[in-house]
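Here the structure is laid out as structure tokens; the discussion comes afterwards.
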Amino acid sequence: MRHNVYLAQVNNLFGDQAFLPYSVGVIQAHCQRQPEIAESFSFQEFIFLRENVDKLARRLRSPRVLGISCYIWNWEYSRALARAVRAAHPNCLIVMGGPQVPLDSADFFTLNPAVDVLVHHEGEFAFADILRESLLADPDYSRIAGLSVRGEDGECIRSGTREAVKDVNQLASPYLDGTFDTLIGLPYRWNASHETNRGCPYSCTFCDWGSAVFTKLRHFDDDRLMDELEWFGRNRIEILYNCDANYGIVPRDIALAKKLADVRSNSGHPVQFRPSFAKKSGPAVFQIARVLQEVGLQRGITLSMQSMSDDCLTVIKRRNIKQDNLTELLNLYRRHNMPTYTELILGLPGETLESFRQGISRLFAAGQHEGLLIYLCEMLPNSEMATPRYRTLHSIRTTRLPMLLGYATPSGDDVQEYFDVVIETATLPFEDWQRCFMLAWAVQCFHCLNITQALAMFFWSAFGLEYHTFYEELMAFAADRPELMLGRHYADTVTVMLDGADGVGMGRSVTGFGELMWYPEEASFLGMITRKDELYAELSTFLADLAARHDIPMPGLLVEDLISYQRESLVDPFSPRESRLTLRHNLPDYFEEIYYGRSPKLASVECDVTMRAVDEYKGDLHRYAIQAVRYGRKNNHLRRSSVRGDQAPADSG
């Protein structure tokens, strides 16, 4: 009789979308290739969705081995699952692996007595060795390299280091060998992961992707990858996630992108494609983007930064991939109607309040207006940043926050996930972190989601008012007027921030927009977008107040034009795909020049302008939230483009 093996890689449902458990799928596919394992073990159904752990444990049929792949979004659930299975099946060997398993595991088994073995780094060969060892009368897992093993007294026994898999083509494909065939028939829209290489040549201290032995790229064969792309189309994969650390870093990625485009054209799938583009964007990335754009798979090119501070980039070992030609790249993609986005991380060591403020202004001045996402700095357990030496050197203080699993469907379990967030460093005291947090909220909510984008651009171009100053002034205006809608959202966000620093979750639901949890800037945006008249009445008052504070002359007709243009530019749930307005100034041309980094000239010219949106939502708040905000914030779905009509000289008013 063969022994039962269960593999778990648990994720959330996103509506009716589920993830194929690729990591444990590769492990199963590799193990089933080994004759002695195939003869002795029977792999049971995958555990891939969150559910009550006790019910799940009782459902398992005489498990000999349970392997759990652990990530930041399922770590607490994985530990709870191990405890439940240990209680229901005392003789089951419980093995944990994945990126969340700590390399420093000295006290792990004391804290987690339900677990028997930890697998560090790549798990395919190690798990196969564990299965073989388990067949012995007196198994000793410490003989297997790359493990931590629980001793008889609960102590941690660390085995020798296992080398990285040199030839990844020794590993079977779970797509091509039928491993996932039973899952594909289940009633979900499936998301899949595609791994074309392993490794990352960079060593950023906040990440553990390229740590130690994994800096050298190891490539899967072209034929295998092409066949897998065909499989994704044939099996109607909804979203395909490319798992490479730097998609576009090698020339053959262009051929893979062309193959993916052919598959999409022929089958209509995948519906979406999500890569992590190469940190240093170059001609190959641009060519890939054009290929994907032609078939509707391009949703935004990442122009990676993480910080605009040279000091910070040096501290986090990222200076070698700084983008020095950002404006040139932005213009290249904009000319071809391809959206881009840039990511910053708040809380990186070496960052200061002033460098963060100036960095935001520099990004906007370079032309990156729509696509800026600012994330909190998470402390990943196996990154250099998480080591005691690094934390002490940079005086890093963190708080433990309930994880916001953005846009996930509430699950049937009650296990809360957490992540550690940096809230103070030697160069960024907690008080300064708070100011940066609020500035990040303001620029994302108001500028990048297009409530005030054109207004801030005008004050910077016409009067030299720095972007960060504009948004700090907007927050001061809101803070002084708690009775206004702007004031209420500002105060709510301050509460969210302080609650977060105390370990309370930052996610917020918004009435009318479904049960999803939203990030603070998105929650504020959605809370204001259905009250557009009230919002822009308050912003008109703010502009007058701002002009008075800085002694800026603002003719009445110009203010009216700016507000009208900005208001019509913002796509809301009720606005038509196309609208028209008459302006007394050449604002469409003016802002076009700013987007391309040129010097605009304001003229008093009456012109009819047609404003065109990518889509219209006809009052469907849920669809608007998902398509325009969740997905659209990376590809400019919240700003109407403008087409100037006839024009004639006009009085400036």
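Checked by atom type, the side-chain pair Q368/T340 shows a donor-acceptor distance below 3.5 Å. In summary, the side chains of Y471 and H447 do present a donor paired with an acceptor at a separation below 3.5 Å, with no hydrogens or angles considered. With 3.5 Å as the limit, one finds a donor-acceptor pair spanning the side chains of S304 and R318. Of the N and O atoms on the side chains of Y390 and S383, not one donor lies less than 3.5 Å from an acceptor on the other residue.
Contact annotation: the side chain of Y333 never approaches that of Q293 to less than 4.5 Å [non-hydrogen atoms, C-beta and beyond]. A 4.5 Å side-chain heavy-atom check between D432 and F356 finds every atom pair outside the cut-off. Between I72 and L380, the closest side-chain pair of non-hydrogen atoms falls below 4.5 Å. Between L326 and L363, some side-chain heavy-atom pair lies under the 4.5 Å cut-off.
You'll find the ring centres of W441 and F437 outside the 6.0 Å limit. Aromatic ring centroids of W73 and F419 lie 6.0 Å or more apart. Between F463 and F458, the ring centre distance stays below 6.0 Å.
Put simply, the side chain of E568 never gets that close to the backbone of L581: no donor and acceptor are under 3.5 Å apart. Here the side chain of T452 pairs no donor or acceptor atom with the backbone of L455 at under 3.5 angstrom. Checking side-chain atoms of R362 against main-chain N and O of M308 turns up a donor-acceptor pair under 3.5 Å.
Using a 4.0 Å cut-off between a side-chain N of Lys or Arg and a carboxylate O of Asp or Glu, R584 and E560 qualify as a salt bridge. The pair R481-E538 fails the salt-bridge criterion, with no side-chain N (NZ, NE, NH1 or NH2) lying under 4.0 Å from an Asp/Glu carboxylate O. Salt bridge status for R549 with D545: present, with a side-chain N to carboxylate O gap under 4.0 Å.
For the atom pair OG1 (T495) and CG (D499), the distance works out to 6.5 Å, reported to the nearest 0.5 Å. Here CD1 of I316 is found 5.0 Å from CZ of F206. Values are rounded to the nearest 0.5 Å.
Cation-pi geometry between R639 and Y595 is met: the NZ or CZ atom falls under 6.0 Å from the ring centre, inside 45° of the normal.
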